[in-house]
Student: 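The following block contains the structure, expressed as structure tokens.
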2 protein chains.
Amino acid sequence: MPYHHGNLRTALLERAAEVIAKHGIEALSLRGLARDLGVSHAAPGAHFADRKALLSELAREGFRLSVDAMHAGAAAAGRDPVARYRALGRSYVQFARENPSYFRAINHPEVRAHDDDALREARAAWVTTLREGVQEAQAAGWHPEADPEVLLAFSCAAASGAAEMLSDPSWAGAFGAADVDALADAVLDLVVHRSRTSVLPLPDDERKVS
Amino acid sequence: MPYHHGNLRTALLERAAEVIAKHGIEALSLRGLARDLGVSHAAPGAHFADRKALLSELAREGFRLSVDAMHAGAAAAGRDPVARYRALGRSYVQFARENPSYFRAINHPEVRAHDDDALREARAAWVTTLREGVQEAQAAGWHPEADPEVLLAFSCAAASGAAEMLSDPSWAGAFGAADVDALADAVLDLVVHRSRTSVLPLPDDERKVS
DNA sequence: GGTCGAACTTGTCAATGCCAAGTTCGTGAC
DNA sequence: GTCACGAACTTGGCATTGACAAGTTCGACC
């Protein structure tokens, strides 16, 4: 058993994600992680100033992973810019449902109140991903007359709100749908679909909703 | 100075809202409130089993106040069901911005994980308010072909996401708009507007966006 | 080999939540 | 008026956690 753990920072983040997934963020403590990993109670202090710093790093990683997921979702959606834009939101909802620890860290109030450069950059990259999706969709005829920053705010709100509500058991049960995946698909259809018919209804789009 | 405070439960809730507004939820502790109110450290225990119970009560009150605000907003919007529906969302954003303590309690992860009847009922009443708004708007021709539960999920996600993002300084700065009120108005226009033109564009509605 | 700094350990203290026993006081029954 | 009871409180003790500081280990560099 060497004196130095050798990879404590990564181990702390991994164990933290496990604890959050199993017991929620309120169960997370630096001493608890230290115990779990077999190091002294103050050892995590060498890597993270406090719990908030650890959570912020998880959130930063969560933003990065979700941006990757959104890009992958958009790539899988093909060439149509509006379909790619829709895939951004759908992928974020899926990310939230499949990665509760990272998603909870992203949205945790203590992280929200933590204003460090790395986190701000990660959040900005997330917003940029949606902004690019908005711009391409708009260039393709989606909401052609709207202010792009308003479209962006709407998009971020819808993606974030849908991800929260469709990944949180205390909310997901409020809606009558038995299949959360199908509900997420339908909600994202609403986010993008009406926009497409703002000027002229398209028969293809009409069939999609039915 | 009588032995009994006489109205400790209410005083605790009021002081908690003040502390949250000024220092954030992470600064809230039962001992801190007890000190602030000049009672013994264990006295709050007679009214709230723990911090989570206190926060849940604040969240319940927050849901109630926000439902009142939404109803008032809808009443002020006049007779048009779609305008009234839009006013629900707009009023919720405004509520979030004007009542940060209650809004933060509503969304706090520990409250989310707290599953008691009073909170569930309050949340259900909030959802019902939106559901009624959706039903009336749909009956008036908004998204006539859509599944009402999908509309509801979309509405809750949009309202909640917009309220979060437009009330939280760490997000609000991400959008280029200088005026958050105008941005909130525009975002809500996007939520409702396209729906109205799903079948036929209406000249009045077109002018609203411009 | 010596120095330095990062990664750790050990120990202490304060704040918080939690629990239990004790005190105060208002209400209702007799 | 007295007594019993229960709700609202006080006091005290304990465990856990974060924060801090001094001490130890160990790898890199000169």
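To find a chain, count down the sequence lines: A is the first, B the second, and so on, and within it residues start at 1.
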Student: Which part of the nucleic acid does Arg9(B) contact within heavy-atom distance under 4.0 Å: base, sugar-phosphate only, or nothing?
Tutor: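 Since no nucleic acid heavy atom lies under 4.0 Å of Arg9(B), the category is nothing.
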Student: Which pair of heavy atoms, one from Ala162(B) and one from Val93(B), lies closest together, and at what distance?
Tutor: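 Shortest heavy-atom contact: CB-CG2, 3.9 Å.
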Student: For a quick check under 3.5 Å, do Tyr92(A) and Ser160(A) share a side-chain donor-acceptor pair by atom type?
Tutor: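 Their side chains do not contain a donor-acceptor pair, so the 3.5 Å distance test is not met.
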Student: Between Ala42(A) and Ala46(A), which residue's closest nucleotide on DNA chain C lies nearer the 5′ terminus?
Tutor: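 The 5'-side residue here is Ala46(A).
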Student: 5'-most contact on DNA chain D: Arg31(B) or His5(B), nearest heavy atom basis?
Tutor: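 Counting from the 5' end, the first nearest nucleotide belongs to His5(B).
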Student: Remember a base hit wins even if backbone is also touched, and classify His41(B) as base, sugar-phosphate or nothing at under 4.0 Å, heavy atoms.
Tutor: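 It contacts base atoms.
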Student: Quick one: is Arg35(A) getting a side-chain N or O under 4.0 Å of the dT16(D) phosphate, OP1 or OP2?
Tutor: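 So the side chain of Arg35(A) is outside the cut-off, no N or O lying under 4.0 Å from OP1 or OP2 of dT16(D).
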Student: Let me know the distance between OH of Tyr3(B) and P of dG22(C), rounded to the nearest Å.
Tutor: 14 Å
Student: Return whichever of Gly38(A) or Ala27(B) has its heavy-atom-nearest nucleotide of DNA chain C closer to the 5' end.
Tutor: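 By nearest-heavy-atom nucleotide position, the 5'-most residue is Gly38(A).
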Student: Between Arg86(B) and Asp185(B), is the closest basic N to carboxylate O distance under 4.0 Å?
Tutor: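 Yes.
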Student: Look at the side-chain N and O atoms of Ser29(B) and state whether any lies under 4.0 Å from the OP1 or OP2 oxygen of dT16(C).
Tutor: yes
Student: What I want to find out is whether Glu149(B) reaches Arg131(B) closely enough, with some N-O distance under 4.0 Å, to be called a salt bridge.
Tutor: yes
Student: Quick one: which of dC9(D), dT10(C), dT25(D) gets closest to the side chain of His4(A)?
Tutor: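 Nearest nucleotide to the side chain: dT25(D).
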